[in-house]
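Input: a single structure, listed below in structure tokens.
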Protein chains: 2
Amino acid sequence: MHYETLKSLLKKEGYSLTKPRKLVFDLLLNQEPQSMQVLTQRAIGKIDRATVYRTVELFERLGIVRRLNVGWKYKIELSDIFTGHHHHMYCTNCGRMFDLPDSPMLETMIDSVVAKTEFSPRGHQLEIYGLCASCQRLAI
Amino acid sequence: MHYETLKSLLKKEGYSLTKPRKLVFDLLLNQEPQSMQVLTQRAIGKIDRATVYRTVELFERLGIVRRLNVGWKYKIELSDIFTGHHHHMYCTNCGRMFDLPDSPMLETMIDSVVAKTEFSPRGHQLEIYGLCASCQRLAI
DNA sequence: AATAAAATTGCAAATTTGTCGCAATTTAAG
DNA sequence: CTTAAATTGCGACAAATTTGCAATTTTATT
């Protein structure tokens, strides 16, 4: 069912759903946000590094994935269309990412602060960083 | 007066305030967040590229600067200690960054959403992206 | 102020990350 | 099934970032 959505998003803009594109999509489906390093790593032997980059770039342009800014690098996850709008908590110790509970009120508040300005927002990202439950127990 | 704060933050952890470190600090003082490219560029003839990277990493570790995630890259700005806590709006057209108006209520709300989880937050970053006032007028 | 030890830096090389052109392959259209 | 267009793999390239190590600077001590 997600493949249908994917396919139609591509078709709509004149692109086709090829094997490499399906693979990149699969690498992202039901996963926590992935770094390019991991993506290219996992694609080895299947598709070329350049193709991974090109695909991610295309997917981002079409709104299929979004690029999350995390620490020094960025990670890729499927966009709101597939996952729903949400934010992340990033554990600076183990590097894992966790979803922040949804809060419509928070979203509203963000919008209203931006509305005070002359800026025309297209979206936003909130990242919480700190220690996840298990890393806290390890007492760094 | 900012130099005193800087010096004591370094001293506290056993580091000294050297000329290169002072330079990097100066490159950040009263500026909008800077990319590494610009930082290394501006340091040419004064200090080595590698030193800029090492200094930024040290500064981040000591909480002197923070790394802002912007688009695909990141930018560096002095931390809350020097600038006060605030968030940014990033213009995807011209690349400039603007401060979001302060909103204690927003901060409280973010904290309270995180408090519902087992995550132990050390901080957070909110980035709004879209078009700034002048780029809107140019109607991209 | 002189000196020795420790910390820091510059330099050059290595690695990693991301991009590009083009020929070979795959996909879409008829 | 054939052809045109789109896409991919491959290699080369360019940019960004890291690293080892010798030279320099800083700090602590006399």
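Below, read A as the first sequence line, B as the second, and so on, with proteins coming before strands; counting in each chain starts at 1.
In this structure, Lys22(A) places its NZ atom 13 Å from P of dT8(D), rounding to the nearest Å. Rounded to an integer number of Å, the gap from Glu13(A) CD to dA6(D) P is 14 Å. If you measure from atom OH of Tyr15(A) to atom P of dT8(D), you get 11 Å, rounded to the nearest angstrom. For the pair Ile76(A) CD1 and dT17(C) P, the interatomic distance rounds to 14 Å; values are reported in whole Å. Per the geometry, CD belonging to Glu60(A) stands 11 Å off P belonging to dT19(C), to the nearest Å.
The side chain of Arg49(B) lies closest to dA13(C), out of dA13(C), dT17(C), dG20(D). Checked against dA16(D), dC10(D), dT9(C), the side chain of Ala50(A) finds its nearest nucleotide in dC10(D).
Taking 4.0 angstrom as the limit, Tyr74(A) places a side-chain polar atom (N or O) nearer than this to OP1 or OP2 of dG18(C). Phosphate contact (OP1/OP2 of dG9(D), side-chain N/O of Thr51(A), threshold under 4.0 Å): present. Phosphate contact (OP1/OP2 of dA16(D), side-chain N/O of Gln37(B), threshold under 4.0 Å): present. Here Tyr53(B) does not reach the OP1 or OP2 of dA15(D): none of its side-chain N or O atoms lies under 4.0 Å away. Remark: Ser16(A) is not in phosphate contact with dT26(C), judged by side-chain N or O atoms under 4.0 Å from OP1 or OP2. Residue Thr18(B) has a polar side-chain atom (N or O) positioned under 4.0 Å from OP1 or OP2 of dT9(C).
Side-chain atoms of Arg21(B) come within 3.5 Å of backbone atoms of Ser16(B) as a donor-acceptor pair (strictly under, hydrogens ignored).
A pairwise comparison of heavy atoms in Cys91(B) and Leu131(B) identifies SG-CA, 4.0 Å as the closest pair. Across every non-hydrogen atom of Arg66(B) and His86(B), the tightest pair is NH2-O, 2.7 Å. Nearest heavy atom pair, residue Phe25(B) against residue Tyr3(B), reads CD2-CE2, 3.9 Å.
Remark: Asn93(B) CG to Arg122(A) CZ distance equals 10.5 Å, nearest 0.5 Å.
At a threshold of 4.5 Å between non-hydrogen side-chain atoms, the residues Cys132(A) and Cys94(A) count as touching. Side-chain contact check for Arg54(B) versus Pro20(B): every heavy-atom pair is 4.5 Å or farther apart.
Rounded to 10 degrees, the angle separating the terminal axes of the helix from dA1(C)-dT30(D) to dG30(C)-dC1(D) is 40°, with each axis obtained from five end pairs.
Residue-level contact check: Arg21(A) touches the backbone only, with heavy atoms under 4.0 Å from sugar-phosphate atoms and none from bases.
In the region residues 41-48 of chain B, proximity to DNA chain C at under 4.0 angstrom, judged on heavy atoms, holds for Lys46(B), Ile47(B), Asp48(B). Across residues 4-12 of chain B, not one residue has a non-hydrogen atom less than 4.0 Å from an atom of DNA chain C.
Side-chain N/O atoms of Arg54(B) and base N/O atoms of dG10(C) include a donor-acceptor pair closer than 3.5 Å.
Around NZ of Lys116(B), the count of heavy atoms belonging to other residues, nucleotides or ligands within 6.0 Å exceeds 12.
Linking Ile, Leu, Val, Met, Phe, Trp and Tyr whenever their side-chain heavy atoms come within less than 4.5 Å leaves Met36(B) and Met97(B) in two separate clusters. Follow the hydrophobic side-chain contacts under 4.5 Å out from Phe98(B) and you never reach Ile76(B); the two are in separate clusters. The hydrophobic clustering, which links ILVMFWY residues whose side-chain heavy atoms are closer than 4.5 Å, places Tyr74(B) and Leu68(B) apart.
Nearest-nucleotide assignment on DNA chain C puts the 5′-proximal partner with Lys19(B), out of Lys73(B) and Lys19(B).
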Notebook entry, point to check: Under the side chain to side chain donor-acceptor pair (under 3.5 Å) criterion, do Glu107(A) and His124(A) qualify, and how do the steps go?
Noted result: CA-CA 9 Å; Glu107(A) 300 299 320; His124(A) 63 250; 2.8 Å; yes
